[in-house]
Amino acid sequence: MGRFPSFGRFLFFWERRNHFQNRENKPLIPKGDVNNAGGTSAVSYLATHDSSGSQTSSTLSSHEESRASSRNVFSSRALSPSSWSDYILKYLLVTSNLLFTVLGLVTLVVGLWGLINKESFAQEKINGIGTDPMLLFTFLGFILALLSLMGCVGALRENMCLLRTFSAIVLVLVVAQVLAVVVLYSLQRQIEDYLRSGMLAAMVRYQDDLDLRFITNEIQTGLQCCGADTYRDWGINVYFNCSAPGVQACGVPPSCCIDPLENGTVWNSQCGVGAQKLDEFSAQSVIFLGGCMGSISRWIEQHSGVIITVVIILLGVQILTLFITARLLQKIRWSRAQHAVYLQSLQ
């Protein structure tokens, strides 16, 4: 080594130079600490570079990383189980509302067909259209079809205005139905009196109103009853009153008869003639003696379980619809907020 002093000094200088370059290229902060809160470590690392070009390239790379992370967030969200459940709830809401839309349109068509078939829009019948039961079918069918169509389109197009309107109307209907159930349960005696008054009014107009005649016949035939409280209630009708001059005097409608069909095929309209003149023992083999109000009360008591179950199911379906709509609205708001963040990250 003494013979080559110049070569020894050269090797020593070269090792010092490599050591100095290695220390310059080594990061000041380990990789594990780069992603500290607020990104301050990344800024300090960029500040150690002297050239502005290296700072620009590092800034661009951070933008690319943010864009990539935004894309990863969107892709992971799109494939997450909660996203799939949201889509299932969405199309469940669309399908159910589509079915109810069809049901509402069918009800609307039936109501309009009944009004047109009975010529209820004629000039001489237009005054009594307010009591026509077909008008109720028309109104309910229109409301159901419109409401269901609103929910179907709102869910399919993800229209927040339609979905909010739909959920508000359904919420009002749920509250109204709950209040109606409470009122019906708490005012049973008054409701029974109203039904009796309505039944008697229908009996008075039995011969003059075809709709009331049809409803009265269906009630008496289905519940096997006659009159409001007894078969003698038919005396309030001018045609069945015992002082009436016609052949139907002191009689009852054929729907009160136990066997209204003659020879099992032909409707015998004279089967109830003179029934009010008979005592109960003789009349019980010809007509139903009990009134329809008692039959309605017994029918409600016998089917109370079914009625309660149907009411609970209907309310449950509507409450579930409200839950699905609220979940869909939440998803739409979240998606729009994330989309706005994604667009902002691209700028």
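Sequence positions, counted from 1, serve as the residue numbers for this chain.
The disulfide (SG to SG under 2.5 Å) contacts involving residues 317-347 comprise nothing, where partners must be two or more places apart or lie in separate chains. Residue pairs meeting the disulfide (SG to SG under 2.5 Å) criterion with at least one partner in residues 137-173, sequence neighbours excluded, do not occur; the list is empty. Among residues at least two apart or in separate chains, there is no disulfide (SG to SG under 2.5 Å) pair with a member in residues 293-347. Each salt bridge (Lys or Arg N to Asp or Glu O under 4.0 Å) pair with one or both residues in residues 88-116, not counting sequence neighbours, appears once here: K90-E158. Sequence neighbours left out, not one pair with a member in residues 173-196 passes ring pair (Phe, Tyr, Trp, His ring centres under 6.0 Å). Applying the disulfide (SG to SG under 2.5 Å) definition to pairs two or more places apart or across chains, those involving residues 196-233 are C225-C292, C226-C256.
Under a 3.5 Å cut-off, the side chain of S167 and the backbone N or O of R164 do form a donor-acceptor pair. Although no hydrogens or angles enter the test, the distance criterion places a donor-acceptor pair under 3.5 Å between the side chain of S96 and the main chain of L93. A side-chain donor-acceptor contact under 3.5 Å links N241 to the backbone of G235.
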Considering only distance and modelled atom types, tabulate donor-acceptor pairs under 3.5 Å from the side chains of residues 305-323, sequence neighbours left out.
| from | atom 1 | to | atom 2 | distance (Å) |
| --- | --- | --- | --- | --- |
| T309 | OG1 | G305 | O | 2.8 |
| Q318 | OE1 | Q177 | NE2 | 2.6 |
| Q318 | NE2 | Q177 | OE1 | 3.0 |
| Q318 | NE2 | L314 | O | 3.1 |
| T321 | OG1 | V317 | O | 2.8 |

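Under the 4.5 Å side-chain heavy-atom criterion for grouping Ile, Leu, Val, Met, Phe, Trp and Tyr, I88 is not connected to L98 through any hydrophobic cluster. Both I332 and L162 sit in one connected hydrophobic cluster of ILVMFWY residues. Membership requires side-chain heavy atoms under 4.5 Å apart, directly or through other members. Transitive grouping of hydrophobic side chains (ILVMFWY, heavy atoms separated by less than 4.5 Å) brings L163 and M150 into a common cluster. At a threshold of 4.5 Å between side-chain heavy atoms, the hydrophobic network of Ile, Leu, Val, Met, Phe, Trp and Tyr places I143 and L171 in two separate groups. Under the 4.5 Å side-chain contact rule for hydrophobic residues, L212 and V238 do not share a cluster.
With sequence neighbours left out, Q207 forms a side chain to side chain contact (heavy atoms under 4.5 Å, CB included) with R213, N237, Y239, F240, Q248. Residues satisfying the salt bridge (Lys or Arg N to Asp or Glu O under 4.0 Å) criterion with R157, sequence neighbours excluded, are absent altogether. With sequence neighbours excluded, the residues that form a disulfide bond (SG atoms under 2.5 Å apart) with C257 are C271. Under the rule for a side chain to side chain contact (heavy atoms under 4.5 Å, CB included), the partners of A283 that lie at least two apart in sequence or sit in another chain are Y231, L278, I287, L289. With sequence neighbours excluded, no residue forms a salt bridge (Lys or Arg N to Asp or Glu O under 4.0 Å) with D208.
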Start with the C-alpha distance between Y91 and L156, add both sets of side-chain angles, then the distance that settles side-chain contact (heavy atoms from CB on, under 4.5 Å), and finish with yes or no.
CA-CA 8 Å; Y91 287 104; L156 191 62; 4.2 Å; yes
Go through the steps for L343 and H339 under the test side-chain contact (heavy atoms from CB on, under 4.5 Å), then give the verdict.
CA-CA 6 Å; L343 293 179; H339 186 65; 3.5 Å; yes
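Expressed to the nearest 0.5 Å, how far OG of S304 lies from CD1 of I300 amounts to 9.5 Å. Note that CD1 of I219 is 9.5 Å distant from CE of M293, once rounded to the nearest 0.5 Å. One distance of note links CD1 of I324 with CG of L89; it measures 5.0 Å at 0.5 Å rounding. How far CD1 of I296 is from CZ of R298: 10.5 Å, rounded to the nearest 0.5 Å. In this structure, CG in L195 is found 11.5 Å from CD in Q188, a value given to the nearest 0.5 Å. Considering CG of L144 and CG of L173, their distance stands at 10.0 Å, rounded to 0.5 Å.
Closest approach of S285 to S282, counting heavy atoms only: OG-O, 3.1 Å. Considering all non-hydrogen atoms of both residues, D233 and G227 come closest at OD2-C, 4.2 Å. Residues W234 and G251 share a closest heavy-atom pair of CB-O, 4.2 Å. Between M203 and A228, the shortest heavy-atom contact is SD-N, 3.9 Å. Between T216 and M199 the shortest heavy-atom distance is CG2-CE, 4.2 Å. Nearest approach of S255 to N217, heavy atoms of both residues: OG-OD1, 2.8 Å.
Inter-residue side-chain proximity for L99 and L103 is flagged as unmet; no heavy-atom pair is nearer than 4.5 Å. Residues L147 and F166 form a side-chain contact, since some pair of their non-hydrogen atoms from C-beta on lies under 4.5 Å apart. Contact check for L108 versus F139: no side-chain heavy atoms found under the 4.5 Å cut-off.
In this structure, R189 pairs ionically with E192, as a charged nitrogen and a carboxylate oxygen lie closer than 4.0 Å.
No more than 12 heavy atoms of other residues, nucleotides or ligands sit less than 6.0 Å from atom CZ of F137. For Q190, the CD atom is densely surrounded, since the number of other residues' heavy atoms within 6.0 Å is greater than 12. Crowding of F288 atom CZ: a count of heavy atoms from other residues, nucleotides or ligands under 6.0 Å exceeding 12.
A side-chain contact (heavy atoms from CB on, under 4.5 Å) with L179 is found for one member of V182, V175, V181 and no other, namely V175.
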